[in-house]
Q: 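Handing you a structure now.
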2 protein chains.
Amino acid sequence: MTKRTARAEPLSRARIVRTAVELLDTAGVRKLTFRALTERLSTGPGAIYWHVANKDELLSAATEAVVADAVSVEPGAGDTPREAIRSVALGLYEATEAHPWLAAQLAAECARSPWGAVAPRVFEALGRQVRALGMPESGWFTATSALMHYVFGVAAQNAANTAMAAALPQDASRIEYLETASRAWEALDPAAYPFTRAVAGQLRDHDDRTQFLSGVDLVLAGIVASAEGGERQG
Amino acid sequence: MTKRTARAEPLSRARIVRTAVELLDTAGVRKLTFRALTERLSTGPGAIYWHVANKDELLSAATEAVVADAVSVEPGAGDTPREAIRSVALGLYEATEAHPWLAAQLAAECARSPWGAVAPRVFEALGRQVRALGMPESGWFTATSALMHYVFGVAAQNAANTAMAAALPQDASRIEYLETASRAWEALDPAAYPFTRAVAGQLRDHDDRTQFLSGVDLVLAGIVASAEGGERQG
DNA sequence: ACCTGAACACCGTTCAAGT
DNA sequence: ACCTGAACACCGTTCAAGT
C-alpha cells in the first residue's frame, strides 16, 4: 500500500485553496484564519504567504474554485436550451446550498473585481444557451446578464435559508424556520406592509428550489418575449 | 446662534448607526472599527456596546437604514405600475452607487437573516406594483421574489463597477475600466469561452444604468408573459 | 525556491468601576 | 440607566533567518 499520507503531500497553492474550502465548509468564514490554516497544513504563516498574496486572494480563489466546479457540468445531448439553462442555474443554486459561505463570498468577489474570474464562468455557461435559444446577437449581453444577476440574487438570498434552518436547534428545520419568518411577516405593521402581509402565506408554503426554477422560467419568458417584441421600443 | 455642537449631542443608537454609515461611505468597510467609532463619537467602546449588541448588529442596522431610505420614495401619482417598479428599482440601484459597501453588505445581511428586516422593505415596495400590474394573487410571491432577486443580483455586481472605476488612478475612470475588463474577456481561451469573447464588445459599450433598467423590463416582460400564459404548464 | 516562526500592529469584546 | 477605559484573546501580515 503506497498510500501517501497528508503530511507527506507538498504545500501548494492548490492544496491551500482546497484546505480553505474544507475549513469554510465545516467551520464557516469566521473560522477560516491563517492560524487554523497553518495548523491544518502544519506549516507557518510565511509558507502560506509564499503561495498566496493575502486573505482576500485566498477567498477569491476558494470562491472561483467552487463556482468553476459547479458550472462545469456539460448539458445533456438531448437537452433543449431551456433545460440546459435550468440545469446550469440549478448547479449554481446547489453549490450555494452545499457551501453556505458561497453566497456572501460571491457578492464580495464581485465587489472586489466585478467582471473578474468568476463572472465569465457563469456568463459563458448561461450565454451559450441564450444563444441557442435563438436570440439576436444584439440581445445576448442584456439577456445573459439578467439571467446571471437573477441567479446571483437568489444565491445571496435563498441559499442562506438552508444554512439558517440547519443552524436551528435540532429538528426545528427548514419548515419551522419558514413558519417563523412567515409569522414575522404577518406581524408587520398593516399600514406600512399590506402587500408583504398578504403574501406571508405564500412565503410559508413555498419551496426554495421550485421557487428558484420558477424565477428562471420567468426570466426566460421575458427573454423570449423581448426577442419577439424586438425592435419597436419607445 | 444656538447651534448645538456635535459633542453636545447625546449618544444614541441612531447616532451610532448614522456615524457608522458615514464611516462606511468615506472610509470603507475595512475602516469601520470600534476604535474609529469611539474616536468619532468621543466615547469608549463600552458606551457603544450599551446601545448595540455587536458589530454584526451594527452592520445590519446600517444596511437597513440605507435601504429603508432608498425604498421610501413614493411613486408619482401618474405613474404606471411599470414606471413605479422602475423607479423603486432605480432607487435601490442608486443607493448601491452612493454607498459602495451596500451591495456586499446586502448579501451578508441576507445570509444573516434571509427574510429579516431588509427584504420586507424591498418586497413591499416592489410587490405593491406587481399587484397593480394585474397579476393573479397566486403569482405575487414568485413574481416579486424574481424581481427582488434580480435587483439584489445587479446590486452585487454592477454597483461595484462604479467603486472600482472610482478607485482607479485619476481620470482613468469608468470607461477605461470597462475597456480593461472587455480586453480581458477578449483574451480568454477561445475554446473555453467562445460566447463570452463574442460579447466582449457589448460589455465595453454598455451603460450600467441602462443595462439595469433593460433587465428590469425583461423581468417585467416575463412576469406579464407568465401571467398570460397562466394555467397550462407541463 | 521555498519554508520557519517570532514579532508587530491592530482588532472585537468584556467588565469592574464610576456617575 | 448610561458611560469609562484598561485589559484580554485573537487576528492578518511581515521579515530576518534558515534550507
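Order of the sequence lines sets the chain letters (A, B, ...), proteins ahead of strands, with each chain counted from 1. These numbers come from the heavy atoms of this one structure, side chains and all, not from hydrogens, waters or symmetry mates.
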Q: Within this structure, what is the CD-to-P distance between Glu39(A) and dG12(D), rounded to whole angstrom?
A: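 It is 14 Å, rounded to the nearest whole Å.
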
Q: In whole Å, I'd like the distance from the CD1 atom of Ile16(B) to the P atom of dC2(D).
A: 12 Å

Q: For Tyr150(A) and Tyr150(B), I'd like to know if the aromatic rings sit close, meaning centre-to-centre distance below 6.0 Å.
A: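 Between Tyr150(A) and Tyr150(B), the centre distance exceeds or equals 6.0 Å.
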
Q: For Leu58(B) and dG12(C), give me the distance from atom CG to atom P, rounded to whole Å.
A: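 For the pair Leu58(B) CG and dG12(C) P, the rounded distance is 10 Å.
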
Q: Would you confirm whether the ring centroid of Phe34(A) sits within less than 6.0 angstrom of the ring centroid of Tyr49(A)?
A: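 Ring-ring flag for Tyr49(A)/Phe34(A): true, centres closer than 6.0 Å.
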
Q: Taking only side-chain N and O atoms of His51(B), does any of them lie within less than 4.0 angstrom of OP1 or OP2 on dC3(D)?
A: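 Yes, such a contact exists.
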
Q: As an exercise, state the distance from OG of Ser87(A) to CD of Gln129(A), rounded to the nearest 0.5 Å.
A: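 Here the rounded value is 7.5 Å.
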
Q: What integer distance in Å separates Lys55(A):NZ from dC11(D):P?
A: 9 Å

Q: Could you tell me the separation between the CZ atom of Arg35(B) and the P atom of dA6(D), rounded to a whole number of Å?
A: 11 Å

Q: Find the partner of dG12(C): check Watson-Crick (N1-N3 plus N6-O4 or O6-N4) and G-U wobble (N1-O2, O6-N3) distances, both under 3.5 Å, and reply none if neither fits.
A: dC8(D)

Q: Please state how far atom CD1 in Ile48(B) lies from atom P in dA1(D), giving the value in whole angstrom units.
A: 21 Å

Q: Which nucleotide, dC3(D), dG5(D), dG5(C), lies nearest any side-chain atom of Leu11(B)?
A: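 When the side chain of Leu11(B) is considered, dC3(D) is the closest of dC3(D), dG5(D), dG5(C).
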
Q: Only pairs with both distances under 3.5 Å count, Watson-Crick or wobble alike; so what is the partner of dT19(D) in this structure?
A: dA1(C)

Q: Base, sugar-phosphate, or nothing: which does Leu37(B) touch, judged by heavy atoms less than 4.0 Å apart?
A: nothing

Q: Return the value, rounded to whole Å, for the distance between atom CZ of Phe34(B) and atom C1' of dT14(C).
A: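 Whole-Å distance recorded here is 12 Å.
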
Q: Whole-Å distance between dC10(D) P and Leu32(A) CG?
A: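 Interatomic distance, CG of Leu32(A) to P of dC10(D): 17 Å.
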
Q: Please confirm whether Phe123(A) and Phe141(A) have ring centers closer than 6.0 angstrom.
A: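 So the answer is yes for these two rings.
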
Q: Among dT13(C), dC11(C), dC3(C), which is the nearest nucleotide to the side chain of Thr43(A)?
A: dC3(C)

Q: Starting from the 5' end of DNA chain C, give me the residue, Ala47(A) or Ala53(B), whose nearest nucleotide shows up first.
A: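 The residue whose closest nucleotide sits nearer the 5' end is Ala47(A).
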
Q: Determine the Euclidean distance between corresponding P atoms of dC2(D) and dA17(C); express it in Å to zero decimal places.
A: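 Going atom to atom, P in each nucleotide, I get 22 Å.
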
Q: So which one's nearest nucleotide on DNA chain D is more toward 5', Arg30(B) or Ser12(B)?
A: Ser12(B)

Q: On the nucleotide dC2(D), are OP1 or OP2 found under 4.0 Å from the side-chain N or O atoms that Trp50(B) carries?
A: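 Checking dC2(D) against Trp50(B), a side-chain N or O does come within under 4.0 Å of OP1 or OP2.
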
Q: Taking the six-membered ring for Trp, is the centroid-to-centroid distance between Phe195(B) and Trp140(A) below 6.0 Å?
A: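 Centroid distance Phe195(B)-Trp140(A): below 6.0 Å, so yes.
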
